[in-house]
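Encoded as structure tokens, the structure appears first; notes follow it.
Just so we're clear, the structure is a prediction, and the values are computed from it rather than from any experiment. Letters A, B, ... mirror the listed sequences (proteins, then strands); counts begin at 1.
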Amino acid sequence: MISEGIGAAFRLIASGDPEVFSAMGVSLKVALCSSVIAGLAGVPFGTLLAVKSFRGQGMVVTVLNTLMAVPTVLIGLIVYGVLSRRGPLGFLELLYTPAAMVVAEVLLGLPIVTALSYAAVRSAGLDVFKAAETLGAGTLTGLLVALRESSYGVLSALLAAFGRIVGEVGAALIVGGNIKGSTRTLTTAITLRTGQGDFDVAVALGIVLLLIALAVNTLFLAFHWRVNR
Amino acid sequence: MNLRLSGIRKRRGDFVLDVPRLELTPGERVALCGPNGAGKTTLLEIMAGLLPADAGEIRLDALPAGHSLRALRRRVTLLFQEPVLFRGSVLTNVMFGLRVRGLSRRESRQKALSVLGRVEMEEFAERKARELSAGEAQRVAIARALALDVDCILFDEPLANLDLRSVRIFERILGELAETGKMVAMAVHQIGWVYDHCERMLTLVGGRVYPTSPENIFRGELRADGKLLLDGIEVGTLAGEPGVVQVMIDPQKVRVSRVPEPGALQGTVISASRAGALTRLRVDVGIIVVALVAPNCAPLPGESVFLRVKCERLPAP
């Protein structure tokens, strides 16, 4: 079945199947958008958390590490509750739109980016931050220097968040509704095709998903190596 | 232009650093000695404005009262025991602090090349900083600090990573810093070296600073009759409450004689070494006491001598 799936995957891509390309587009759009937003918030927060000491710091890190394991279905349910017609943000009418999926995926990616950025900067950037301070640098300059030193770890944090987001199905299904051409992602399409008994198409979609993840990882790591050569 | 610490207190778990008063003066090189965990690095980080104290004040005369830690960090710098260099070339590392201070790239480059010359590292300017040996990296870190032209430079174990050539360069730099009126304080373990290169030695024990060599701090028992016993050896009398006490003996106030004197402790010279303009004797009188004497009257190792010591009581640890 797997070998048939690999063959089917390439045939689906080569044939320009509109359902596959639409699901690929939604998956990429939602995952990239969510990862960027989670990165913009999580990387500075994780970096600051790593270089500054304050009471309760250990507790914050423990909570973040715990949130990395939060079930995607739970996030989907919470966001559903908030965005549904009767929910506090129901007036925004975001439910069953890609925007609602982005909200849920940001909540999923944020603890991952923050906790892993914290770990990366703590191990590779803390001494550098202190060294920059001894040379008269302010907090912002120190943070930038620490980030530069920990860039590989921080990039890995972003890629880990992207991987979790692009591969999750629970939250996307609950808040997106799996609407064809609008909120159907590769993962929700796989769920649907599996339910319909189209196993080889489901496997093919899964392989397409893996190829996307491989392409994004390769692209970003190549960029990192080029910049830091 | 002095650096003054008053009423500094910092708690880290069970450890408390307590420095009621400490002052550095221009051109002075002060050594902080003491065992590992005594608080030397914590004190240096507080002096450098890296670590806020729980209580107390650090004043640099050049700065207005109530200045921020950031303002202090612009006038005081600290070199860590393990040199931390940034990714990039040696030159960009030395230029970093200058660029932070707003100097142009060209000015920074000129100044950085000049200080790299002072630590004999100019030919390494374009090398990757992370590819240097530990000694070379420490010299780059020294150049990076020198480039800032700050009022006070603090070193945490500066000799730890240096080879013999680098030690000589460091000693020359220390002399230049003293000549130009910079304040220098450093945490060091090599006491013999300290006598040759520092004007003042302080000892940290259990978070407290004592103005003496770490070799002459003792714990003992003060009896009700005023007699002081150190390791069971009666060394004299002391005023105050009886019980367990901590005392110091100023090495320069130890009187060494070859003939018996009333109340003197008899012992044998274990070693005699140069300590700046003086000779440092280690004498075994049942406990090891360090004495600093003029070289022309210094006894030789193995000689029997008599010591008269003056003990000063230190605050309880």
Side-chain angles (χ1 to χ4, degrees), chain A residues 43-44 46-59 61-62 117-158 220-229, chain B residues 10-12 41 44-45 47-52 54 68-88 92-103 108 112 128-130 137-138 140-156:
Chain A
V43 171
T47 308
L48 206 58
L49 194 62
V51 300
K52 293 285 180 185
S53 297
F54 58 91
R55 196 180 287 268
Q57 189 174 25
M59 179 66 79
V61 174
T62 306
S117 296
Y118 163 82
V121 176
R122 191 85 182 168
S123 62
L126 184 57
D127 287 345
V128 170
F129 178 81
K130 282 172 77 175
E133 277 196 316
T134 65
L135 298 169
T139 301
L140 185 63
T141 309
L143 286 177
L144 290 173
V145 175
L147 255 181
R148 187 170 165 242
E149 295 295 327
S150 329
S151 58
Y152 186 80
V154 171
L155 182 63
S156 298
L158 289 169
F220 276 92
L221 289 176
F223 173 73
H224 180 264
W225 285 326
R226 195 179 170 83
V227 169
N228 292 287
R229 203 166 40 181
Chain B
K10 181 75 184 175
R11 176 179 283 277
R12 277 184 157 177
T41 300
L44 289 175
E45 288 189 352
M47 289 167 81
L50 289 179
L51 192 66
D54 298 335
S68 66
L69 288 182
R70 170 106 198 263
L72 186 68
R73 289 200 294 268
R74 290 273 174 140
R75 311 295 290 255
V76 179
T77 190
L78 166 67
L79 279 87
F80 299 115
Q81 181 176 349
E82 297 293 333
V84 180
L85 299 183
F86 307 135
R87 197 184 286 169
T92 55
N93 265 271
V94 183
M95 286 167 64
F96 180 86
L98 301 169
R99 298 284 290 151
V100 162
R101 282 164 174 75
L103 267 70
S108 304
K128 284 185 178 175
R130 293 280 172 84
Q138 189 66 287
V140 172
I142 291 169
R144 203 169 57 174
L146 291 177
L148 307 176
D149 198 26
V150 289
D151 303 313
C152 176
I153 301 188
L154 309 168
F155 298 91
D156 193 359

Please give me the minimum heavy-atom distance between B:K10 and B:P52, naming the atom from each residue. NZ-O, 2.9 Å
Do you know which of A:G136, A:A132, A:G138 has the most heavy-atom pairs under 4.5 Å to chain B? A:G136
What are the two closest heavy atoms between B:R73 and B:G49, and how far apart are they? NH1-O, 2.9 Å
Heavy-atom pair with the smallest gap, counting every atom of A:A50 and A:R122: O-NH1, 2.7 Å
Which atoms of B:E45 are under 4.5 Å from chain A, going by heavy atoms: the side chain, the backbone, both sets, or neither? side chain
For A:A120 against A:V154, the heavy-atom pair lying closest together: CB-N, 3.9 Å
Between B:V150 and chain A, with a heavy-atom cut-off of 4.5 Å, which part of the residue counts as in contact: side chain, backbone, both or neither? neither
Turns out that what part of A:V128 lies under 4.5 Å from chain B's heavy atoms comes down to both
Flag side-chain contact, heavy atom, 4.5 Å: B:I153 against B:I142: no
Contacting region of B:L148 [heavy-atom separation from chain A under 4.5 Å]: side chain
Without placing hydrogens or testing angles, list every side-chain donor-acceptor pair under 3.5 Å for residues 52-59 of chain A, not counting sequence neighbours.
unit_1 : atom_1 : unit_2 : atom_2 : d
A:Q57  : NE2    : A:L49  : O      : 2.5
A:Q57  : NE2    : A:K52  : O      : 2.5

Chain A contact via B:F86 - which portion, at a heavy-atom distance below 4.5 Å: both
Give, as side chain, backbone, both or neither, the part of B:R70 having an atom under 4.5 angstrom from any heavy atom of chain A. side chain
Would you mind checking which part of B:R101 comes under 4.5 Å of any heavy atom in chain A, side chain (CB onward), backbone (N, CA, C, O), both or neither? side chain
